[in-house]
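Read the structure below first, then the notes.
In what follows, every heavy atom counts, from backbone to side chain, and hydrogens, waters and symmetry copies are set aside. Residue numbering restarts at 1 for every chain, and letters A, B, ... go by the order of the sequence lines.
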Protein chains: 2
Amino acid sequence: MGVTMKDVAALAGVGVGTVSRMINDVAVKASTRKKVEAAIKELNFEPDASARALKTKRSQTIALILPTIWHPFFSEFAYHVEESLSKHGYKLYLCNADGDPQKEYDYIQMVKQSKVDGIIGITYSDIDKFVSTNLPFVSIDRHFSEAVTYVTADNFGGGKLAAEELDKRGCQKLVYIGGINQYPNETTLRADGFEAYCKEHHIAFDSLKIPEPIADFATPIKAFFDQVKAFDGIFCVNDTMAIEVMAALKTLDKAVLRDYQLIGFDGTKMESSRDYMLSTIVQPKQEMAAAAVDLILKKVAGEQTENRVILPVTFVSAGTTKDV
Amino acid sequence: MGVTMKDVAALAGVGVGTVSRMINDVAVKASTRKKVEAAIKELNFEPDASARALKTKRSQTIALILPTIWHPFFSEFAYHVEESLSKHGYKLYLCNADGDPQKEYDYIQMVKQSKVDGIIGITYSDIDKFVSTNLPFVSIDRHFSEAVTYVTADNFGGGKLAAEELDKRGCQKLVYIGGINQYPNETTLRADGFEAYCKEHHIAFDSLKIPEPIADFATPIKAFFDQVKAFDGIFCVNDTMAIEVMAALKTLDKAVLRDYQLIGFDGTKMESSRDYMLSTIVQPKQEMAAAAVDLILKKVAGEQTENRVILPVTFVSAGTTKDV
DNA sequence: CTGTTAGCGCATTCAG
DNA sequence: CTGAATGCGCTAACAG
């Protein structure tokens with residue numbers, strides 16, 4: 001603290017420009033490099049990031065905007081984003097938008113204050129109005145328009161896969177349960193894929209789509225199963241919903257595995273070292289994070305990028321589906 | 001982007017100093033304030049954070065170092081830290097140290113590059129060697145030395161409370177199960193409090209302390225219950241451990257509530273809107289986060305602070321203890 | 001109360 | 001390849 005390039009230059013007997021060039025890996029003669037390195041070490045010099053940012057207009061920082069980090073899917077995703085960014089020498093600003101468009105907007109303003117070089121966003125509001133084409137932005141799980149690059153898991157394929165796995169395990173009557181949001185949402189593709197498989201293979205199915213936000217899961221779920229009495233396979237839009245469905249069905253004396261099989265979506269784990277909580281379609285969160293980081297850094301560097309990346313999902317059997 | 005204070009000053013017909021003073025809420029005459037505000041709006045001016053940081057030596061950023069955000073306790077805590085920081089106009093750098101002292105050290109170096117004003121750390125390695133007294137640092141859940149301020153829940157009181165609640169519910173033979181770490185750890189106070197209550201009230205108890213890191217929970221737990229056959233109340237060092245214990249006991253044909261009551265620690269929820277997963281001693285994470293933010297900002301401002309804050313815990317009955 | 005000015009620490013010309 | 005000089009956008013001290 002307090003020691004600047006000038007001090008280093010003085011001690012090494014060179015100009016400040018030379019020190020700067022060293023720091024930035026620009027060609028420097030070996031002999032002078034030695035001297036400068038020694039001086040840096042002796043003085044314990046640390047380049048000042050603010051000064052550098054002021055000059056270069058780069059802060060080496062990416063903002064991650066998500067609804068809330070307090071959710072296993074997002075926290076796992078954030079973990080991988082930070083990990084990937086860190087490898088590239090970038091830092092991560094964490095932004096909990098809480099579904100509040102104003103908060104999202106506020107964070108986007110930060111980019112203009114040159115605090116961040118780009119934004120990775122998982123957002124369900126109309127953020128695209130604010131992201132101009134010259135602002136590096138990568139959307140996760142949500143397709144805005146051709147101008148906005150996005151990364152997503154193969155939701156449609158995942159829905160199909162869930163139906164197929166249930167079918168393969170002898171289920172005769174399938175059910176889809178999910179929420180439905182006012183904002184267009186890639187997750188509806190999970191239902192589409194599921195239904196497409198059922199139609200294609202002439203499998204009977206029913207769907208329950210609960211309007212979000214959902215305050216009470218139990219009531220609509222029970223009401224639904226009052227209508228649909230016969231069923232032996234359920235696919236839920238995500239793992240959280242699946243757990244709610246299991247709980248609701250238990251009060252109706254229906255036990256998973258004995259009375260029905262169940263597949264969730266996301267592949268949520270409470271912690272990295274623990275198991276999946278149920279059979280589920282796993283999103284490749286680490287790969288999605290890596291892809292998002294890759295894209296955003298390319299954008300920051302001014303390179304052209306593909307405008308969407310769709311990654312494959314996998315099925316993992318973990319306690320709520322039978323062995324095949 | 002591109003529009004600076006100079007442009008604003010020119011349009012408003014004032015000096016740059018006046019614009020700066022306005023931005024920083026220093027006394028300005030109402031009439032000139034009007035003009036400047038109009039110019040700011042018209043030009044869509046955003047002050048450049050890097051330039052400001054360069055001058056003031058303040059980045060309005062705090063780093064949160066934790067083992068991994070991919071853990072419900074930490075992600076909930078991080079959520080509240082970000083929320084609290086955001087209210088104070090501060091940004092949050094997220095750092096997953098992964099228990100790697102080198103990574104922790106690297107992040108601490110950032111402070112010297114004047115990228116962050118202070119650090120809030122949940123760390124179980126010997127980070128105190130690096131945090132000099134002039135570096136604003138607040139430790140969570142871990143007491144280093146007199147020089148390091150820390151915030152923690154009342155672990156000892158929580159342990160006592162768990163024993164008391166089990167006692168109150170008629171348990172005769174209690175058991176404590178937790179891990180034990182090579183680094184001294186505030187969590188051992190949970191066991192201490194628990195045991196203190198038992199001794200004080202002449203209640204029989206046994207303890208199992210498994211060396212960390214724990215790869216396999218089931219084996220030591222089963223071995224332990226082979227020895228300790230009679231028990232009707234269990235207190236676990238945290239909720240994760242409690243869930244593992246429940247699973248292990250199920251394979252021994254012991255069912256919670258029927259054969260024993262169980263209390264965890266932390267008050268973990270998977271998401272903010274969901275319920276606790278079991279009866280547990282709840283840490284006041286929001287209050288802890290607020291206290292940590294309060295302390296760190298005081299330190300950044302150069303104010304003196306208390307050197308520790310211990311917050312009370314509460315018991316919540318949620319499915320693994322009987323009604324009293 | 002306000003305009004002017006001098007740096008903050010660095011990257012980047014431009015000469016040499 | 002290197003040293004000197006310029007300015008990034010802003011704040012703070014100074015003089016009015």
Quick check on dT2(D): is either OP1 or OP2 less than 4.0 Å from any side-chain nitrogen or oxygen of Thr32(A)? yes
Separation of dG16(D) P from Lys29(B) NZ (nearest whole Å): 20 Å
Value in whole Å for how far the C1' atom of dT12(C) lies from NZ of Lys57(A): 14 Å
Are Lys41(A) and Glu37(A) close enough for a salt bridge, meaning some N to O gap below 4.0 Å? no
Sidechain-backbone polar pair: Asn24(A) side chain, Ser20(A) backbone, donor-acceptor under 3.5 Å: yes
With a 4.0 Å cut-off on heavy atoms, is Ser20(A) in touch with a base, just the backbone sugar-phosphate, or nothing at all? base
Value in whole Å for how far the C1' atom of dG9(C) lies from CG of Asp48(B): 14 Å
Report which part of the nucleic acid Val19(B) touches: base, sugar-phosphate, or nothing (heavy-atom distance under 4.0 Å, all strands). nothing
dC1(D) C1' sits how many Å from Arg21(A) CZ, rounded? 8 Å
How long is the line joining CG of Leu54(A) and P of dG7(D), in whole Å? 14 Å
With a 4.0 Å cut-off on N to O distance, would you call Arg142(A) and Glu186(A) a salt bridge? no
Residue Thr18(B), side-chain atoms from C-beta onward, closest of dT11(D), dT2(C), dC10(C): dT2(C)
Please determine if Arg52(A) and Asp48(A) form a salt bridge, counting it only when a charged side-chain N lies under 4.0 Å from a carboxylate O. no
Check the distance between dC10(C)'s C1' and Glu46(A)'s CD and give it to me in whole angstrom. 15 Å
What is the separation between atom CD1 on Ile23(A) and atom C1' on dT12(C), rounded to the nearest whole Å? 15 Å
How close or far is atom C1' of dC10(C) from atom CG of Asn24(A), stated in whole angstroms? 9 Å
Looking at dC10(C), I'd like to know if its phosphate oxygens (OP1 or OP2) sit under 4.0 Å from a side-chain N or O belonging to Arg52(A). no
